[in-house]
Number of protein chains: 2
Amino acid sequence: MAPADTLSRTFAALADPTRRAMLARLARGPASVGELAEPFDMSFAAVSKHLRVLEGARLVTRGRDAQYRPAMLNARPLQDASAWLGDYRVFWTESFDALGVLLDDLTEAGPDDLRPDDKKET
Amino acid sequence: MAPADTLSRTFAALADPTRRAMLARLARGPASVGELAEPFDMSFAAVSKHLRVLEGARLVTRGRDAQYRPAMLNARPLQDASAWLGDYRVFWTESFDALGVLLDDLTEAGPDDLRPDDKKET
DNA sequence: TCAGTTCAGAACCGATCGGTTGAATAAAGA
DNA sequence: TCTTTATTCAACCGATCGGTTCTGAACTGA
């Protein structure tokens, strides 16, 4: 029912401010559902659902401590996401402006020029 | 209708393999919708919609060249996303294993121990 | 002017999402 | 055993998502 690839699930899990806040909380140490729910005007069940999304993305692992089911951060998927983004790092450093010039050229050129190969190195 | 914060929109836009593939294509230079659609078994309209999502996340900007509306990568939001992930970098380096030990402790401790402070430095 | 190409807009569809409520489960403690 | 606490499950809701098809607009070129 959720055949999405790992990276998609990671990004999808991060695409919600509530879940990001929960991760931020977990960065300070494990927490129970109640603790995680505390800052939010939201039912426990809703928090539990968010937690299950994070779990599905392997971003948190759960334990068991009496009635509590403490959640703990697992940053591995964040590393993978960061690595993916890293491939684009070059675009917000040197070549960024060069690429802008590229589009300017393009908007008054023909479609044959749509792929002008990388002239990044200048 | 889409009051989501910037980071959420960025991650949401990245949470789809089709859109990530489109960004990868755009990393090699601007492209028309037709060019972007070519690798996918999908209607132009669908690709156009994906493009609009990327546009909404400020990940691509559009130009105009005759009938063509070339799309071009804008990596700025990727930089912001990368910066957000960067805050967690520490969790997949030194302290990662220490944190694992932490949870082991926790699963047989009381909820009062749920926040055991960082013992990252071995 | 007319036809062809490229693209976007609108309406629609089933599936998923983020939330609710209310009942069920699991463990602790009296 | 019975109650309390912590959490999940199940059903439901409206909104959004990813895709379709059909229609129309923008632009080129004969």
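Only heavy atoms go into these numbers, but all of them, side chains included; no hydrogens, no water, no symmetry mates. Proteins come first, then strands; the chains are lettered A, B, ... in the order of their sequence lines, and each starts at number 1.
- Computed from coordinates, the B:R62 CZ to C:dG9 C1' distance equals 14 Å when rounded to whole Å.
- Contact between the side-chain N/O atoms of B:S48 and the OP1/OP2 oxygens of C:dC7 is not found at any separation under 4.0 Å.
- Of the candidates C:dC7, D:dT7, C:dT20, the closest approach to any side-chain atom of A:F44 belongs to D:dT7.
- Under the side chain to side chain contact (heavy atoms under 4.5 Å, CB included) criterion, B:R58 pairs with B:N74, B:P77, sequence neighbours left out.
- The shortest distance between the side-chain N/O atoms of B:S43 and the OP1/OP2 oxygens of D:dT20 is below 4.0 Å.
- The interatomic distance linking A:M22 (CE) with C:dG18 (P) rounds to 12 Å, in whole Å.
- The side chain to side chain contact (heavy atoms under 4.5 Å, CB included) search around B:E38 returns none, not counting sequence neighbours.
- Computed from coordinates, the A:R52 CZ to D:dC9 C1' distance equals 9 Å when rounded to whole Å.
- Applying the side chain to side chain contact (heavy atoms under 4.5 Å, CB included) criterion to A:A12, with sequence neighbours excluded, gives B:A15.
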| task | Treat primed atoms plus P, OP1 and OP2 as sugar-phosphate and everything else as base, then score nucleotides 22-30 of chain D 5' to 3': B for base contact with protein heavy atoms under 4.0 Å, S for sugar-phosphate contact only, - for none. | result | ----SBS--
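- A:E38 places its CD atom 17 Å from the C1' atom of D:dT7, with the value rounded to the nearest Å.
- Note: CG (A:D41) to P (C:dG18) measures 17 Å, nearest angstrom.
- Although no hydrogens or angles enter the test, the distance criterion places no donor-acceptor pair under 3.5 Å between the side chain of B:S48 and the main chain of B:F44.
- In this structure, B:L54 places its CG atom 12 Å from P of C:dA8, rounding to the nearest Å.
- Legend: residues meeting side-chain hydrogen bond (donor to acceptor under 3.5 Å, both in side chains) with B:S8, ordered by chain and number and at least two apart, are A:R20, B:D5.
- Checked against D:dT8, C:dC7, C:dG18, the side chain of A:D16 finds its nearest nucleotide in C:dG18.
- Residue A:R69 has no polar side-chain atom (N or O) positioned under 4.0 Å from OP1 or OP2 of C:dA26.
- Residues passing the side chain to side chain contact (heavy atoms under 4.5 Å, CB included) test with B:A83: none are found, sequence neighbours excluded.
- With rounding to whole Å, B:E55 atom CD is found 12 Å from C:dC7 atom C1'.
- Remark: the A:R69 side chain and the A:S32 side chain contain no N/O donor-acceptor pair separated by less than 3.5 Å.
- Distance A:H50 NE2 to D:dT8 C1': 15 Å, rounded to the nearest Å.
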